[in-house]
*Asks:* 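This is the structure I want to talk about, given as C-alpha cells.
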Amino acid sequence: VQLVESGGGLVQAGGSLRLSCTASGIIFSIKLMGWYRQAPGEERMLVATITSGGSTIADSVAGRFTISRDNAKNAVYLQMNDLKPEDTAQYYCNAEGVASFGAHDVRDFASWGQGTQVTVSS
C-alpha cells in the first residue's frame with residue numbers, strides 16, 4: 001500500500017495549509033489514518049489520528065489543526081490554521097488496515113508516506 005502526501009510548503013506565521021494523503025493499492029479496509037511530524041534533531045511525534053470511532057489531536061496543535069477523512073477516496077487531510085514557526089517539520093501520513101498483496105495474500109498493513117515539508121516563517 002502506497003501513501004502519497006501533498007500540500008506542504010512555505011507559509012508565514014498565522015497562515016494556513018491543508019495537507020492531503022491518499023492511499024493506493026488493493027485495500028479492503030483502513031482502520032486508522034494519521035499524521036505525524038518530525039523536526040530536525042527531534043523524534044517523530046504524533047499530530048493527529050482518525051478512525052471510524054473518532055479522532056485524536058496533539059495538545060500542541062489542538063484548536064488550530066483539524067484532521068478529516070474521505071473513506072471513499074482512502075484519503076486523509078490535515079487542515080492547519082494559525083501556523084507557528086514551531087510547526088515547521090516534515091509531515092508524514094500513516095495508515096493501517098487490510099489489503100491484498102497477491103493471490104491468496106490478504107493481511108494487515110501499516111504504511112507511511114514519503115513526507116511533505118512544512119516551513120513556517122516568523
*Asks:* Can you measure from CZ (Arg37) to CD (Glu86) and round to the nearest 0.5 angstrom?
*Replies:*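 CD of Glu86 is found 8.0 Å from CZ of Arg37.
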*Asks:* Hydrophobic cluster mates of Val106, side-chain heavy atoms under 4.5 angstrom, ILVMFWY only, any path?
*Replies:*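 Listed partners: Ile26, Phe28, Val98.
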*Asks:* Can you see which heavy atom on Ala23 is nearest to which on Ile27, and at what distance?
*Replies:*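 Minimum heavy-atom contact is CB-CD1, 3.8 Å.
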*Asks:* Which residues satisfy the side-chain hydrogen bond (donor to acceptor under 3.5 Å, both in side chains) test with Gln117, sequence neighbours excluded?
*Replies:*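 Expected list: Thr119.
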*Asks:* Can you name the nearest heavy-atom pair linking Ser20 to Trp35, along with the distance?
*Replies:*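 Reported closest heavy-atom pair: O-CH2, 3.6 Å.
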*Asks:* State the CD1-OG distance between Ile30 and Ser52, to the nearest 0.5 angstrom.
*Replies:* 12.0 Å
*Asks:* Using the salt bridge (charged side-chain N to carboxylate O under 4.0 Å, His left out) criterion, which residues pair with Asp108? Sequence neighbours excluded.
*Replies:* none
*Asks:* Measure the shortest side-chain to side-chain distance between Cys93 and Val76 over non-hydrogen atoms and say whether it is less than 4.5 angstrom.
*Replies:* yes
*Asks:* Can you tell me how far apart CG (Asn71) and OG (Ser29) are? Round to the nearest 0.5 Å.
*Replies:*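 Rounded to the nearest 0.5 Å, the CG-OG separation comes out at 10.5 Å.
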*Asks:* Listing request: all salt bridge (Lys or Arg N to Asp or Glu O under 4.0 Å) pairs with a residue in residues 96-106, at least two apart in sequence or in separate chains.
*Replies:*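 Of all non-adjacent pairs touching residues 96-106, those that pass salt bridge (Lys or Arg N to Asp or Glu O under 4.0 Å) are Asp105-Arg107.
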*Asks:* Who else is in Leu32's hydrophobic cluster (ILVMFWY, side-chain heavy atoms under 4.5 Å, direct or via others)?
*Replies:* none
*Asks:* Identify the heavy atoms of Gln38 and Glu42 that sit nearest to each other, and give their distance.
*Replies:* NE2-O, 3.1 Å
*Asks:* Under the ring pair (Phe, Tyr, Trp, His ring centres under 6.0 Å) rule, what pairs show up with a residue in residues 81-122, not counting sequence neighbours?
*Replies:* Tyr36-Trp112
*Asks:* Considering all heavy atoms of both residues, which atom of Gln90 and which atom of Gln114 are nearest to each other, and what is their separation?
*Replies:*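 Of all heavy-atom pairs spanning Gln90 and Gln114, the closest is NE2-O, 3.8 Å.
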*Asks:* Of the non-hydrogen atoms in Ala95 and Leu3, which two are nearest, and what is the gap between them?
*Replies:*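 Closest approach of Ala95 to Leu3, heavy atoms only: N-CD1, 3.6 Å.
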*Asks:* Can you tell me how far OG of Ser68 sits from CE of Met33, rounded to the nearest 0.5 angstrom?
*Replies:* 10.5 Å
*Asks:* Under the salt bridge (Lys or Arg N to Asp or Glu O under 4.0 Å) rule, what pairs show up with a residue in residues 22-35, not counting sequence neighbours?
*Replies:* none
*Asks:* Quick one: side chains of residues 56-67, donor-acceptor pairs under 3.5 Å with protein atoms, not counting sequence neighbours, listed by atom name and distance.
*Replies:*
unit_1 : atom_1 : unit_2 : atom_2 : d
Thr56  : OG1    : Thr49  : OG1    : 2.6
Arg64  : NH1    : Asp82  : O      : 2.9
Arg64  : NH1    : Asp87  : OD2    : 2.7
Arg64  : NH2    : Ser60  : O      : 3.0
Arg64  : NH2    : Asp87  : OD1    : 3.1
Arg64  : NH2    : Asp87  : OD2    : 3.4

*Asks:* Distance-only criterion, 3.5 Å: show the donor-acceptor pairs between side-chain atoms of residues 7-19 and protein atoms not counting sequence neighbours.
*Replies:*
unit_1 : atom_1 : unit_2 : atom_2 : d
Ser16  : OG     : Asn81  : OD1    : 3.0

*Asks:* Not counting sequence neighbours, list each pair that qualifies as a salt bridge (Lys or Arg N to Asp or Glu O under 4.0 Å) and has a residue in residues 2-16.
*Replies:* none
*Asks:* Does any pair with a residue in residues 56-90 pass disulfide (SG to SG under 2.5 Å), and if so which ones, sequence neighbours excluded?
*Replies:* none
*Asks:* Check side-chain hydrogen bond (donor to acceptor under 3.5 Å, both in side chains) between Thr51 and all other residues, then give those that pass, not counting sequence neighbours.
*Replies:*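 With sequence neighbours excluded, Thr51 shows a side-chain hydrogen bond (donor to acceptor under 3.5 Å, both in side chains) to no residue whatsoever.
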